[in-house]
Amino acid sequence: MADILTPALGESVTEATIAKWTKKVGDAVKKDELLVELETDKVSLEVVAPADGVLGAINVAEGDTVAPGTVLGSVTEGGAAAAPAAAPAKAAKGEAKAAAAAAASSIDITVPVMGESVAEGSMGKWLKKSGEAVKKDELLVEIETDKVAVEVSAPADGVLTIAADEGATVTPGQKIGSVSGSGAAAAAPAAAPAPAAAPANSGSAQVSKNETLSPAVQRVVAENNLDPKAISATGPKGNITKGDAIAAIGAAAAAPAPAAAPSAPRALAPREERVKMTRLRQTIARRLKESQNTAAQLTTFNEVDMTNVMALRAQYKDVFEKRHGVKLGFMSFFTKAVVAALHEIPAVNAEIDGTDIIYKNHYDIGVAVGTDKGLVVPVLRDADTLSLAGIEKGIGALGKAARDGALTMDQLQGGTFTITNGGTYGSLMSTPILNAPQSGILGMHNIVQRPMAINGEVKIRPMMYLALSYDHRIVDGKEAVTFLVRIKELLEDPQRALLDL
């Protein structure tokens, strides 16, 4: 028997929708014959038969959402000749037996691999209760590790049984629940009359759409407080696609806000609340304290006149976005300036290992991102080889992955220098803590209009304070100040970078 697998869907594409099966269970198939068409938000893909034989099973129906590697069905090899001779009655009996077997089966829900060096995680809140019906690929629970959150979805349609409670510590491969097919078979006949209902009964049809939301759509709906019943569905079998949900966000923003209801009296509640720290927050606390205890941290400050960078950005931002498909921000200018300064002062791009100093000849820049679960620092690889557009695209993709909880372990390790931008939250000045084992971190801050003395005259200029925290065990004061001044020069006169001055 040969499995029919969902192929790789392309860069940044994590799911696809079953558009159409070209064969039925029991049909004879030839190797490389088209069996099913998949649709993603970018392209359509064709999946062909892996071998000659008979289409033995279809695991995923049209309109369902699948991920790369999902088993769509199977081909029984060598059975092509027997397939046409099978009588319809026998085929019906075979399908009934297969359905009965599927109903009696139970599929374990296990903890997925959570990344290199991650040996355990904590169970989050189950979105379903034991005994409730679930749909294949429906999000069931999130497992929190010390670095990222891992989503666990239902492996099949059926009834959920929970084996690990919220807050429990689990390890990769451990069984945390199961899905039994016994509930799916009973639900199918009851759902059959629904298509024949009168058009006026549209409310129940809209409810069913909410039950089949893909994980990507569920995330958009949850983050934006959307009502699935109010979203117009354009997907196969009336399913809501990710594009439908995103379109509904704009419609909701344009709708007039309802009148505020009278506020209820304030409820009496305890004056304190004790909440267990998440594993990510525990790791952040531990690593920051280790960094503070290990390195000889010192911070030096400077200020930069952002007039020329802001003028350059204002002049070219529209044509830049049209040409490259991404907005021109300040992070790309700062990253370019940091890389140039690291070339000149290599000690800031180094780290201490025992009694040795390791000088890095690559420039992997960590970009601190604040999320609702805590601070993470994904790494922009080989920043010295990227253009301004490449840097903006890379930082944008890392930021989105961080907010979606989709960062991989590889994206969080191996940085040589870090940039943190507290200015996005209104910070005027701060002393950032080193991201160990790195020896330097640059803090950006809010741009404020201030009076400055320019050639004997007082002028109002957009100014930003810069802070460089560094490990004084390896970086001397002269090197730290020179590094920060170099960044200031490149930002105040961007043409210097073009002339390599």
Quick one: closest heavy-atom pair of [X] and [Y], and the distance?
X: V326; Y: A389; answer: CG1-O, 4.2 Å
X: M452; Y: E303; answer: CE-OE2, 3.6 Å
X: L484; Y: T300; answer: CD2-O, 3.5 Å
X: V367; Y: M331; answer: CG1-CE, 4.0 Å

Cationic N near anionic O, under 4.0 Å, [X] to [Y]:
X: R381; Y: D364; value: yes
X: K360; Y: E351; value: yes
X: D476; Y: K478; value: no

> Which pairs count as side chain to side chain donor-acceptor pair (under 3.5 Å) when at least one residue sits in residues 306-324, sequence neighbours excluded?
Replying inline: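 Matches after skipping sequence neighbours: D305-T307.
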
Do [X] and [Y] have a side chain donor and acceptor closer than 3.5 Å?
X: S153; Y: D137; value: no
X: E392; Y: S332; value: yes
X: S291; Y: Q297; value: yes

The single option from [options] passing side-chain contact (heavy atoms from CB on, under 4.5 Å) against [X]:
X: F417; options: V339, L342, T335; result: L342
X: I18; options: T70, V47, V36; result: V36
X: L127; options: V141, L140, V134, L139; result: L139

> How would you list, by chain and number, every residue that makes a salt bridge (charged side-chain N to carboxylate O under 4.0 Å, His left out) with K128, sequence neighbours excluded?
Replying inline: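 Result, salt bridge (charged side-chain N to carboxylate O under 4.0 Å, His left out) vs K128: E138.
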
>> Between S469 and T299, does the side chain to side chain donor-acceptor pair (under 3.5 Å) criterion hold? Intermediate values first, please.
In response: CA-CA 4 Å; S469 291; T299 304; 2.8 Å; yes

> Side chain of K136, backbone of T65: donor and acceptor closer than 3.5 Å?
Replying inline: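 Flag not set: sc K136 to bb T65 has no pair under 3.5 Å.
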
> If we only count heavy atoms from C-beta on, is the L398 to L380 side-chain gap below 4.5 Å?
Replying inline: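 L398 reaches L380 side chain to side chain.
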
